[in-house]
Amino acid sequence: MEEYLKQLNESQREAVVYTEGPSLVIAGAGSGKTRVLTYKIAYLLQQGLPPWSILALTFTNKAAREMKERIATLTDEQTARRLWMGTFHSLFSRILRNEAEHIGYPSNFTIYDATDSKSLLRSIMKEMQLDDKVYRPGMIQSRISNAKNALVTWKAYEQNKELVQHDMDSKVPLVREIYKRYQNRCLQAGAMDFDDLLLQTNILFRDHPDVLEKYRSFFRFVLVDEYQDTNFAQHLIVQRLCETHRRICVVGDDAQSIYSFRGANIDNILQFKNQYPGCRIFKLERNYRSTQNIVNAANSLIHKNTKQIQKTVYSEKEEGNKVSVLASYSDYEEGYAVAGKINDMRMRNYDYADFAILYRTNAQSRILEEALRKRGIPYKIYGGLSFYQRKEVKDVISYLRLIINPHDEEAFKRVINYPARGIGETTLGKLTAAATEHNVSLWTVLNDPIGYALQINSGTAKKLGDFREMIAGFIERNDKLSAEEMASAVVKESGIVSTLFQDRSVEGISKQENLQELLKGIAEFCEIRREEGAEHVSLADFLSEVSLLTDQDNDKDEQANKVTMMTVHAAKGLEFKNVFVVGLEEDLFPSSMSKDNPRAVEEERRLFYVAITRAEENCMLTYAKSRYRNGQSAMCSPSRFLRDIDTKYLHMPENTAATDSSAASRERFERPSAFASPFQQPKAVERETYVSPVAQAVQRQSRLTKVETAAASPSSAPASDLSGLYVGAKVRHDRFGEGEVTAIEGDGGNAKATVAFTHFGQKQLLLKFARLTIVE
DNA sequence: AGCCTCGACGCATTG
DNA sequence: CGTCGAGGCT
């Protein structure tokens, strides 16, 4: 340990060895925060604390995993594994499962993701016959989420005059009723959403002092990473756990607080020293990551904010290059500029993996992607649809969820007719109605259709019975089988495999691959658990983890040599030699949502600070003078944040419009092309000529796909007498009248004919359906 | 029952 | 310009 301590600088070491009382570690960007946390934990272990008595809360699974790995190298794997280290959500869901009986939930409760809860809200609003244009699901969802993060239960909501009044004013007076029903239905289904995990933990601790006391004495030291990003619910959990022993250490950087939209409250960190009188404050101010110019530029930016803990981040690395600003005429040119710059810099001994392109919104990735592809630059995009959100994956997971908790309403609705088994909307409607009426789950109704007086014919009853049998059979076998055996039984016996494998289209193949990937993932999970000494790895074990995973947690080709593209939010905690921050324009960065709210602008500024401080050697900021938004190009002006940076750390080869609006400088951004007449929109022309080859390629590909689908699909439809159909034949259609066949593709059930109708133009018709008669 | 087209709406950011 | 949901068509 003495050896380890030597590897720390003075302030780091002080933060590590102080363990007597509460402490706050203000960790500037790149100041070795993770190092302090890991060494501190190692130090605590060495002082004799058993690993399971240390609670270390992080913000992402990834952070937890990396820290565990580092601690494992400092101590040993066994020890590292026994630490209570993970995200708030994953650790407290574990505790909630243990203590579920106290709060009226089953210990095998399902965790609804955002999609599940939105879908539940939709059905509730439908039942209440509310207009989803007035009651927008997303808006309702965020209202409920905010309430929960502030620990306002539905009962408290109902009684809160302010909230109710606010809903009246916004013309959505029934939010409280929706909230109530939503919570009721979740309980009915044995489900918690993400916010519940924190809310219910608080309820548990509030109402069961004995339980709280148990965990208080169990966790003898509590550490929290990224404390600036905690919301009220998280803050209170931590406070409850530490109130008596006050052995707590929180680490964070107020300058990097960027999650207020999900309830994070920067005051938690700003007020920490008042919450815990006598608390020691350690400041880590030496930045080991970036060159002086980058650090200084970032400092000059963040000093424009009013609310912050005073600190002076400095770098003792070389001065380095100045932060450069690049202006482009359009968003698409911006992409090209970035791609070009990457290629240039690659000549100077950089790998692709040394670059990151950071943007404010995911929507910006597309155009950049196109530019990189055109230049043959390999890239990897983080974010977007996560693996577990894909339909084919979620369908399988829904089966698994149903096996663990058959009352899970959202899972039930997803799979009752997948693969298609003739249980349609009408039947589901009857089930739901009965369930709502008797205040029971869909599964309960399904188990006693007669008792609940379901008005269905015998055919439907049989189908429902078969489905029930299947699920019940799975449930029965689940005791004996492992997660992977169960999963493979499910995909086979439910008919998912046979359904999916009939589809030979490109999309179909990719779905099959995803399914294989999922099964492989489950097998790996079992494998790891067994290596850790588990005898039986159950489906429940797997599910309780998977719902809290995100796509960031399974990056496969991490070591592949590719440019990284992600949002600034996603980049927090990472570092790259060279960083491009793109789209530095008003209404984009800072976002248009924040412009009227000074607090929000400050948060955007912190976000920009995070972006800049990801860079080790070179940081390049770009903006475009026009950008496609909502389908049309709009002019934009450079971000105010560019002016916040002290110009002595900036390099502006373009003598940019950010500071100079003279005609001479403006001219430079004007397109110098032959098209550029003041009367036309040069960009549009350019766009068209440029985009079309790509568009053509895409079209070509999708055409191919379609043909392939048609040709390769096995046919089950009986061959009709349309076998006599030929190109050039004259045909008649009930609705479109007469026409001439110009093409036929595919055969059997998927055969398609293109017919040029005399009055209706060209149509593609699926022969299976279109009742064509040959005229001659 | 499933596919496709049309129209509305929105651009945050995440566990 | 996307995507996503609703509704229409076969």
Side-chain angles (χ1 to χ4, degrees), chain A residues 57-64 86-93 111-115 118-119 122 126 132-133 136-139 142 145 149 192-198 226 229-231 233-234 258-264 331 358-367 382-386 388-389 417-426 547-553 566-572 583 587-594 600 603-604 606-607 610-611 627-634 687 691 706 709 733-736 750 752 763-772:
Chain A
L57 296 158
T58 62
F59 245 72
T60 61
N61 294 304
K62 195 175 168 200
T87 62
F88 275 90
H89 291 86
S90 75
L91 295 188
F92 290 111
S93 72
I111 297 171
Y112 276 175
D113 65 21
T115 321
K118 201 179 234 168
S119 141
R122 275 212 171 84
K126 209 166 191 172
D132 63 1
K133 296 208 171 50
R136 290 218 314 284
M139 185 255 282
S142 78
S145 171
N149 285 330
M192 294 201 197
D193 62 23
F194 285 133
D195 304 315
D196 278 330
L197 297 175
L198 305 175
E226 309 279 15
D229 287 332
T230 52
N231 60 31
Q234 292 165 320
I258 55 174
Y259 282 107
S260 75
F261 69 90
R262 64 169 195 210
D331 48 359
L358 309 181
Y359 34 80
R360 181 66 183 80
T361 67
N362 276 313
Q364 289 164 259
S365 66
R366 211 171 212 95
I367 203 145
Y382 289 78
L385 205 58
S386 105
Y388 299 101
Q389 296 283 353
N417 201 30
Y418 177 81
R421 50 175 71 89
I423 305 175
E425 216 172 298
T426 323
S547 33
L548 295 167
L549 285 185
T550 56
D551 49 338
Q552 299 233 350
D553 298 319
M566 53 171 61
T567 62
V568 182
H569 281 91
K572 183 154 155 211
D587 292 340
L588 182 62
F589 202 169
S591 142
S592 55
M593 315 269 189
S594 66
E603 172 150 325
E604 295 276 319
R606 292 194 293 269
L607 188 58
V610 168
R627 178 175 300 274
Y628 266 76
R629 276 166 94 88
N630 294 336
Q632 52 190 341
S633 112
R687 214 155 224 288
V691 163
K706 271 190 192 139
T709 315
H733 182 271
D734 286 351
R735 229 162 56 95
F736 300 134
N750 286 310
K752 238 188 261 180
K763 302 264 180 215
Q764 281 216 332
L765 302 168
L766 211 51
L767 295 184
K768 188 159 60 170
F769 295 121
R771 283 181 291 273
L772 287 180

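In what follows, chains are A, B, ... by sequence order, proteins preceding strands, each numbered from 1. Computed from a prediction, not measured in an experiment: that's the story for all the values here.
- Considering only heavy atoms from C-beta on, A/Leu57 stays 4.5 Å or farther from A/Thr87 through its side chain.
- Residues A/Ile423 and A/Arg629 each lie close to DNA chain B; by heavy-atom proximity, the contact nearer the 5' end of the strand is made by A/Ile423.
- Atom CZ of A/Phe59 and atom C1' of B/dT14 are 9 Å apart (whole Å).
- Between the side chain of A/Asn61 and the base of B/dG15, no donor-acceptor pair under 3.5 Å is found.
- Using a 4.0 Å heavy-atom criterion, one finds that A/Glu604 contacts the bases of the nucleic acid, with or without backbone contacts as well.
- Looking at heavy-atom distances under 4.0 Å, A/Asp113 makes no contact with the nucleic acid at all.
- Between the P atoms of B/dT13 and C/dC4, the separation comes to 13 Å (whole Å).
- Note on A/Leu91: nothing from the nucleic acid sits closer than 4.0 angstrom, heavy atoms only.
- One atom, CD of A/Gln234, and another, C1' of B/dG15, lie 9 Å apart when rounded to the nearest Å.
- At the heavy-atom level, A/Phe88 lies nowhere under 4.0 Å from the strands shown.
- The residue among A/Asp195 and A/Arg421 whose nearest nucleotide of DNA chain B lies closer to the 5′ end is A/Arg421.
- Not one N or O on the side chain of A/Ser90 forms a donor-acceptor pair closer than 3.5 Å with the backbone of A/Gly86.
- Shown here are the side-chain hydrogen bond (donor to acceptor under 3.5 Å, both in side chains) partners of A/Asp195, two or more places apart in sequence or in another chain: A/Ser145.
- Side-chain atoms of A/Glu603 and A/Ser594 form no donor-acceptor pair, as typed in the model, at a separation below 3.5 Å.
- Residues satisfying the side chain to side chain contact (heavy atoms under 4.5 Å, CB included) test with A/Arg421, not counting sequence neighbours, are A/Tyr399, A/Asn417, A/Pro419, A/Ile423, A/Phe467, A/Met470.
- Checking B/dG15, B/dT13, C/dC1 against every side-chain atom of A/Phe194, the shortest atom distance belongs to B/dG15.
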Let me see the working for A/Asp229 and A/Arg262 under salt bridge (Lys or Arg N to Asp or Glu O under 4.0 Å), right down to the final yes or no.
-> CA-CA 9 Å; A/Asp229 287 332; A/Arg262 64 169 195 210; 5.9 Å; no
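- A/Lys62 has its NZ atom 13 Å from the P atom of B/dT14, to the nearest Å.
- Contact check for A/Glu226 versus A/Thr58: no side-chain heavy atoms found under the 4.5 Å cut-off.
- Following rounding to the nearest Å, A/Gln389 (CD) and B/dT14 (C1') show an atom-to-atom distance of 11 Å.
- Side-chain proximity of A/Phe261 to B/dT14, C/dG5, B/dC11: nearest is B/dT14.
- Ion pairing between A/Asp331 and A/Arg629 fails under the 4.0 Å rule for side-chain N and carboxylate O.
- Regarding A/Asp331, its CG atom lies at a distance of 14 Å from the C1' atom of C/dG2, rounded to whole Å.
- Regarding A/Met192, its CE atom lies at a distance of 20 Å from the P atom of B/dG15, rounded to whole Å.
- Stacking is not found between A/Tyr259 and the pyrimidine-like six-membered ring of the B/dT13 base under the 5.5 Å centre-distance and 30° plane-angle cut-offs.
- One interatomic measurement links the two molecules: CG of A/Asn362 to P of C/dC1, which rounds to 20 Å at whole-angstrom precision.
- Which of B/dT13, B/dG15, B/dC11 sits closest to the side chain of A/Ala363 comes down to B/dC11.
- The side chain of A/Ser93 places no N or O atom within less than 4.0 Å of a non-bridging phosphate oxygen (OP1 or OP2) of B/dG15.
- Atom pair A/Lys118:NZ and C/dC4:P shows a separation of 10 Å (rounding to whole Å applied).
- Comparing B/dT14, B/dA1, B/dG15 against the side chain of A/Asn417 picks out B/dA1 as the nearest.
- Set against B/dT14, C/dG2, B/dG15, the side chain of A/Arg366 has C/dG2 as its closest nucleotide.
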Expected rows: protein N/O vs nucleotides 6-10 of chain B N/O, under 3.5 Å:
unit_1, atom_1, unit_2, atom_2, d
B/dG10, OP1, A/Arg136, NE, 2.7
B/dG10, OP1, A/Arg136, NH2, 3.3

